[in-house]
Every structure is written in C-alpha cells, then in structure tokens.
2 protein chains.
Amino acid sequence: MDGQDDGISRWRRVADGIRASIMEAGVTDRLPPETDLAADYGVNRHTVRRAIAALAAEGIVRAERGRGTFVNPLEPRISYPIGTRARFSENMMRQSLEPSGRLVGSQKVSADMGMARLLGLALGAPLHRLDHMAVVDGVPLSRSTSHFSAERFPGIIAAYAQEGSITQALRRCGLADYRRRETRLTAERVSPGDADALSCAGDAIVLVTNAVDVDLEDRPVQAIRTRFLADRMELVFVNPEGA
Amino acid sequence: MDGQDDGISRWRRVADGIRASIMEAGVTDRLPPETDLAADYGVNRHTVRRAIAALAAEGIVRAERGRGTFVNPLEPRISYPIGTRARFSENMMRQSLEPSGRLVGSQKVSADMGMARLLGLALGAPLHRLDHMAVVDGVPLSRSTSHFSAERFPGIIAAYAQEGSITQALRRCGLADYRRRETRLTAERVSPGDADALSCAGDAIVLVTNAVDVDLEDRPVQAIRTRFLADRMELVFVNPEGA
DNA sequence: ATTAGTTGTCTACACAAATAGACAAATAGG
DNA sequence: CCTATTTGTCTATTTGTGTAGACAACTAAT
C-alpha cells in the first residue's frame, strides 16, 4: 500500500492523524479543506473524504457542504483516581456520575502459579472468578476480571450480582474495609470479546491495570485485572501535598 | 473487508489475535498449524501465513518448515514506578538497566491557557519546550515533552543536552530537589513522529502520562507529557505498607 | 521406506482500496 | 449577480487484499 505495510488502510491512518491533531494540537473549530489535507497526508482527496466520513461516524467532526468540515465539541475523558482507595462507585459519584456494575460471568477455577502467588494461597486453591463490567451514565467504561479465594468468600458472586459493587459485595461477605496494595499499568488493543461487551470499535485501545487489594491486615483479598477504554477514561494519580 | 469495516486488514487482525494469545493466554512453545488457525479465525490459510510473517518480522515467532511455528522467548516489560519520586535514571538503574536521555529538539514558546494554569504562570509567559527521549540498553522506551519557565530556568536546554537527565539538568539550574505532584494517565495510538523517533511500528500503542513536578515549596517546576511504548513498559504504582 | 503432518511457493480469480478526473450543489464575499 | 471556495457525487482505472486449489520441501514417527 505504502512504504510501510502494516495492514492498516490509508484512510484509517489519515483518520487517526486528523483525530490526533484534534485531540493533541487542539484544532478547535475548522479542518483544512479536503484538498489541503490530501496534500498534507500525501493521498488522494477521496481517501481524505473516507477518513472524514469515518470521523463523522464517530461523532468527532461534521462536514457541511460549501462551508467546510468542523470539529464537534468533544466530551472530556472521565477521570479515575488510582491510589490507596480504589472504589469505583464512590469515585464516579464524586464526579456526579451514575455508576453501575454488571455481572458478566463467573466461574469456579483453581489457582495457577501466578494467582497463587498474588493471593498468597496454595497452588490449586479454589477461586471464584468474577467477570464484571462498569457502566457510567449508560456508557460502558471498563471490563474487569476479579479472583477471590472461594474458601474465604464463598458467596461473593451472588453478593455482587445483587449489589453491583465489589465494595458492597465484600461487606456482605464480612469484609468491612480493604485497600489497594499495588497497581501495575499497561495498554493494549482491546480483545474481541471485550470490544463486543463494551460496544466499542474493534481497534480501540484499553488501559490495563493489574492490581491486588488487601484487607487491613495486609492479607490479599482480590486480584483484579481491569481494561479501561482509553478514549473514555483518564487515570489520575495525585501525590499528597506534604509528602 | 469483513462485517465491520474499520480499515484494519484481516491479516493484521489475525496477527494481533495471535500476539494476544501469546501475551495473555501464555501460549509458550508452539502455535497450532496454519490450517487450524485459519479455521479458528475464519480466514484463508494464506491470510494466516501473512499474519505469521508479520509476527516473525516482529521477532515474536519463528516458523520452521515441516516442524511448525514456535514462539520465541519474549523479554519482559520494563517496570517503571510512578509516585512521588519520578526519576527516570534512578528507577532504571535500580533494575540494573543502562538509561540514557537524548535531546530531540527544543523551542522557545509562550504559555497558552493550559500551560499557564499548570505551571502557575501568566498567560503568554515565556517557556522552554524540551523534547527528549529515553533509551534503555539501546532500546528506545519513551518520548517526552517538557515545559519549563524560561525566566526561572534559562539554561535548562543546554544543561539537559550535556547531562542527558532532567534531574541533573535541574540541579545545574539551582534546583536541589523536586517531587511529582500529579500524574494523569491515558493511552493512544503512537503519533507518526513518535513512531519514527522510537523506531516502532506505526500502529503501536503508547501510555501517555501528563504530569506536573513541583519544588519543595510546591511551586510548579515542569509540566511533562511522556509517551511510553506500551509493549516495552509497565507502569507500577505501589501503596506504602501501612497507609 | 513409508506415511502423516507441517511449512513454503506458485497460479488464478473476485473484490475492496486508492487514484484520477470531471462536474454538481451549496456557501460566502464582493 | 458573479466568482471563488468547498463539499458531494459520479465514472473509470490501477493496485492491494483475501480466497481457492495444487503441489513441493521438509520433519518426525512408524
């Protein structure tokens, strides 16, 4: 197709480029005319048109015949604080957003080496695997997979299904409070299954957090892997004032 | 091309899928035969072959005629702690890695609204913009763009060019110590310019951190936006034991 | 040596992507 | 009203992607 053949069509690259200039460089009101964009990106005008059509379908721009192509006012990313207290519901409500958790699936599994180490259990220990999903104001934000000791939290699945919140479900299982010990962060392309559940594009990007929550005696409670849609989220880590 | 037309070719999606099964599901030694993969992904064998060729070019797998296709031993992601002390060089050396910073470019600019707010300066205040790049053991890891007050740190560009470290450059400008106040995190596709500088694929994913460093009197020192290559990095946030 | 299973290479064809050019339709400014 | 600019639509052509089938080359086990 071009010099570099990375399997991404030209119009998609142009669309990504224009999107980037809108997001980063902050192109606010109007895009350059199609002929100019075509010259900039070194492609045919029709290719630019297709790119713009894709962006219009995303709701990012709007083309008006005879006038030009304009950038729609974009909604800011939702902020999600990571730190000691990682409580989805509370954090969302603080931003006057309506959170809701949804059970997607559950399974009884046994601990492999990684899980056993993370949760401080024996190899092969029985676990509850809980797949859930976070929706804010009707918009899917993230998919998570939690692992709990089945011996310590036998009723966790049912409790979550009713409460729609990990914090509340753990409280019903007798755990008053917990804190986050560690969060590891990276980013990937969304998996096909997650793309389906989150109703996003198949090539969307997710922020992946692998974390461990512990009780007040520092015993592991859950290992949780969450995939946040990067274009709808922003993770924030704030250091305390006088540290 | 397929049901959903997102401008990503089929072999690229298959390649991404196989890469994901290697990374996540942990397919260690051998891939299923091409005919099986073709059936799994619902594509022709030739399409799978092209996907495998791309993965082979990335160095992830290696095909051997008559035997099969095998997964190459993969190097683990480099861990980068985010927290109060965000010092690239020190953090890398703690993992016995050889860090080095490189000046990519610099510019005198004036503060727009966002920068003025972040740095606590007046609108239009003179700034030094410093574009740099972090390389560890010869592998490019990240690109950063820093903004400093030109009045407070007039010699920062030259100092960085010589030292190759922000911490050292600030010390030469009379700042003994600083800390990170806030880190905001998201993820995007790499920009064409960064892809070129980091010598990575054009469709790679970067972890983006927007952060503000402050001196010991909590006055802003630099606003820094860093793009980490997600497949070479992992950001880690650890909470202190007794918090 | 034979056989089954696997990757490598070739040809051919259908279809999508990208280019090229021309012109219509709407807008804005003099 | 006229003109320049800009988006929308049409046709045609070339190049790339994916599918299909066949066969060669190599490996490992029987």
Side-chain angles (χ1 to χ4, degrees), chain A residues 1-18 21-22 27-72 192 201-203, chain B residues 1-18 21-22 27-72 192 201-203:
Chain A
M1 196 158 11
D2 197 15
Q4 51 183 340
D5 190 352
D6 53 2
I8 304 202
S9 58
R10 280 187 105 145
W11 64 264
R12 161 63 50 195
R13 265 207 289 269
V14 173
D16 289 344
I18 296 174
S21 2
I22 293 172
V27 175
T28 49
D29 46 345
R30 211 192 127 164
L31 256 53
E34 293 170 351
T35 47
D36 292 19
L37 286 171
D40 287 358
Y41 286 96
V43 297
N44 192 276
R45 187 186 146 223
H46 293 87
T47 309
V48 169
R49 283 183 60 68
R50 185 156 186 191
I52 289 177
L55 293 175
E58 285 181 51
I60 295 178
V61 301
R62 137 194 54 93
E64 294 181 22
R65 169 187 280 204
R67 297 193 61 215
T69 304
F70 302 86
V71 178
N72 287 326
D203 64 331
Chain B
M1 203 155 4
D2 198 14
Q4 52 182 339
D5 189 354
D6 53 2
I8 304 208
S9 59
R10 240 162 151 174
W11 64 265
R12 162 59 55 195
R13 263 206 288 271
V14 173
D16 289 343
I18 295 174
S21 0
I22 292 172
V27 175
T28 49
D29 48 344
R30 211 193 127 164
L31 256 53
E34 293 170 351
T35 47
D36 291 19
L37 286 170
D40 287 358
Y41 285 96
V43 298
N44 191 276
R45 187 186 146 221
H46 293 89
T47 309
V48 168
R49 283 184 59 71
R50 187 158 187 187
I52 288 177
L55 294 175
E58 285 182 50
I60 294 178
V61 301
R62 135 195 55 92
E64 295 182 20
R65 172 188 282 207
R67 299 194 60 213
T69 305
F70 301 87
V71 178
N72 287 326
D203 64 332

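Chain letters run A, B, ... following the sequence lines, proteins first and then strands; every chain starts at 1. FYI, side chains are in, hydrogens and waters are out, and symmetry mates aren't considered; it's all heavy atoms of this structure.
Closest approach of B:L31 to B:I18, counting heavy atoms only: CD2-CG2, 3.8 Å. Here the shortest heavy-atom pairing between B:A51 and B:V14 reads CB-CG1, 3.7 Å.
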N/O contacts under 3.5 Å, protein versus nucleotides 26-30 of chain C?
{"from": "C:dA28", "atom 1": "OP1", "to": "A:R67", "atom 2": "NE", "distance (Å)": "2.9"}

Strictly under 3.5 Å: I want the nitrogen or oxygen pairs between protein and nucleotides 10-13 of chain D, one per line.
{"from": "D:dC10", "atom 1": "N4", "to": "A:H46", "atom 2": "NE2", "distance (Å)": "3.0"}

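Rounded to 10 degrees, the angle between the two end axes of the helix from C:dA1-D:dT30 to C:dG30-D:dC1 is 30°, with five pairs used at each end.
When the side chain to side chain contact (heavy atoms under 4.5 Å, CB included) test is applied to B:R49, the partners found at least two apart in sequence or on another chain are B:E34, B:R45. Contacts of A:R65 classified as salt bridge (Lys or Arg N to Asp or Glu O under 4.0 Å), with partners at least two apart in sequence or in another chain: none. Listed by chain and residue number, nothing satisfies the side-chain hydrogen bond (donor to acceptor under 3.5 Å, both in side chains) test with B:D36 (two or more places apart in sequence, or in another chain). When the side-chain hydrogen bond (donor to acceptor under 3.5 Å, both in side chains) test is applied to B:D40, no partner is found at least two apart in sequence or on another chain. Considering only residues two or more places apart in sequence or on other chains, A:E64 meets the side chain to side chain contact (heavy atoms under 4.5 Å, CB included) condition with A:R62, A:R67, A:F70. Partners of A:R50 by salt bridge (Lys or Arg N to Asp or Glu O under 4.0 Å), not counting sequence neighbours, listed by chain and number: B:D5.
Rounded to a whole Å, the CZ atom of B:R30 is 12 Å from the P atom of C:dG5. In this structure, the CG atom of B:L31 is 9 Å from the P atom of C:dT7, given to the nearest Å. Atom CZ of A:R50 is separated from atom C1' of D:dT7 by 18 Å (rounded to the nearest Å).
The side chain of B:R10 contributes no N or O atom lying less than 4.0 Å from OP1 or OP2 of C:dA16. The phosphate of C:dA16 has neither OP1 nor OP2 within less than 4.0 Å of any side-chain N or O from A:S9. Contact check, A:T69 against D:dT7: a side-chain N or O comes under 4.0 Å of OP1 or OP2.
Here the OG1 atom belonging to B:T69 is positioned 8.0 Å from the CG atom belonging to B:L37, to the nearest 0.5 angstrom. Atom CH2 of A:W11 sits about 9.0 Å away from atom CG of A:L55, to the nearest 0.5 Å.
At the heavy-atom level, A:R45 lies under 4.0 Å from base atoms of the strands shown. If you check every strand for non-hydrogen atoms under 4.0 Å, B:R49 touches a base.
In this structure, the side chains of A:I52 and A:V61 come closer than 4.5 Å at one or more pairs of heavy atoms.
Using a 4.0 Å cutoff on non-hydrogen atoms, the parts of residues 34-44 of chain A near DNA chain D are A:E34, ordered by number.
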